[in-house]
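Notes to accompany the following structure.
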Amino acid sequence: MLRSFTSRMVGAAQRTNSAVTASAVRLFSATSTATQATTSSTESSSTPSTTPSELSLLRNQLRYYAVAEIKSRPYLITKNDIIVLDRLKDVKLGDVIELNQIKELGSKDYAIQGAPYVSSEYYSIKATVIEQPKGKIVETFKKKRRKHFQRRYHIKPLHTLLRVSELEVKA
Amino acid sequence: MPAPMVHPVLKNGVGAFIPQCRRLVFHYCERSGSSRGMIEYLKKDLIQFAKEHPHVEVIVTPRPSKHPVIRGLYLNGKDKVVCVRNMEPTDIAGKVALLKESSGNRMKVFKKPVISTTESVRGIWSPFHAAPHKI
């Protein structure tokens, strides 16, 4: 399913012009909910899918982001980002991980929302393991006043750092 | 006036990945008891480790009358020192792995799940450029 966002324009005059021209390009009008309802009802079927024309709209954009799910947690990533995870046990320095649980793949004006995940034909997202450091000591202090109860817990978290080496939208 | 130094923006892992640990120096004392586990590690496990990691320069030097110490030197010029007194070879192997997998950066608290230097793809929200709120 392809969503589009209202494009940002500087100045009110430019904004009205862009609304007129952009409405032809947009599939779902973000400003009017009525058209959104009709278009979504006609286009959505039991299994919502992305047509090649919709994908080419996304491909014509310049920069992309993705919401990747790693170990059941979402990470909003672009290329060259560092993802900070809890330590992965079965991974070594330099390993390249292909991310295939992508909830959303988008750009400035359009986004593909997965149900629950975006089909892996549309993207190629890879991450390299660059470091597996130890974090700084984190102290948790609990106290119940006037009850003679206080505890200090110290943990030194273990992390795995992944660098997003590739984030591409395929035709 | 000489030209200012231009530091390249390094993104380790994007094109090629370069392991950050450059050198590991093992100090031990031949006489003292705190080096017992270290000497056993040097005899048993170190050669295998050095073969598996050819990018790491491994140096073994006696340091008499001091506790055994492992010093890791990294590509950013910083070093990390770990004292392994009275440790068993398995624990020492754990410390070696810790030094090998780190970069030279200090240990820090990671507050956010993603560290990014790119601008936001969709831009910062502004009330003047968004569709008006409807109930």
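Per chain, numbering begins at 1; letters A, B, ... match sequence-line order. Only a predicted model underlies this, so the values are computations on that prediction, with no experimental measurement involved.
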A quick test of your reading: do over 12 heavy atoms of other residues, nucleotides or ligands sit less than 6.0 Å from [atom1] of [X]?
| X | atom1 | result |
| --- | --- | --- |
| A/Glu139 | CD | yes |
| A/His148 | NE2 | no |
| B/Ile47 | CD1 | no |

[X] [atom1] to [Y] [atom2] distance, which is reported to the nearest 0.5 Å:
| X | Y | atom1 | atom2 | result |
| --- | --- | --- | --- | --- |
| A/Leu93 | B/Gln20 | CG | CD | 9.5 Å |
| B/Ser116 | A/Asn80 | OG | CG | 8.0 Å |
| A/Ile82 | B/Lys11 | CD1 | NZ | 7.5 Å |
| B/Phe17 | A/Asp95 | CZ | CG | 9.5 Å |
| A/Asp81 | B/Thr117 | CG | OG1 | 7.0 Å |
| A/Thr78 | B/Glu119 | OG1 | CD | 10.5 Å |

Tell me, side chain or backbone of [X] under 4.5 Å from chain B's heavy atoms, or both, or neither?
| X | value |
| --- | --- |
| A/Leu161 | side chain |
| A/Lys126 | neither |
| A/Val129 | backbone |

Applying a strict under-4.5 Å side-chain criterion to I, L, V, M, F, W and Y, I'd like to know whether [X] and [Y] cluster together.
| X | Y | value |
| --- | --- | --- |
| B/Leu46 | B/Met87 | yes |
| B/Leu99 | B/Phe49 | yes |
| B/Tyr41 | B/Ile39 | yes |
| A/Ile97 | A/Tyr123 | yes |
| A/Val138 | A/Leu158 | no |

What residue, out of A/Lys136, A/Arg73, A/Lys92, A/Lys79, has the most heavy-atom pairs lying under 4.5 Å from chain B? A/Lys136

Give the intermediate values and the outcome of salt bridge (Lys or Arg N to Asp or Glu O under 4.0 Å) for residues B/Glu101 and A/Lys134. CA-CA 10 Å; B/Glu101 286 169 349; A/Lys134 253 187 168 179; over 6 Å; no

Minimum-distance pair of heavy atoms, taken over all atoms of [X] and [Y]:
| X | Y | value |
| --- | --- | --- |
| A/Ser165 | B/Gly13 | CB-O, 3.3 Å |
| A/Pro133 | B/Ser102 | CA-OG, 4.5 Å |
| B/Val121 | A/Arg63 | CG1-O, 3.4 Å |

Has the side chain of A/Arg163 got a donor or acceptor atom that lies under 3.5 Å from a matching backbone atom of B/Asn12? yes

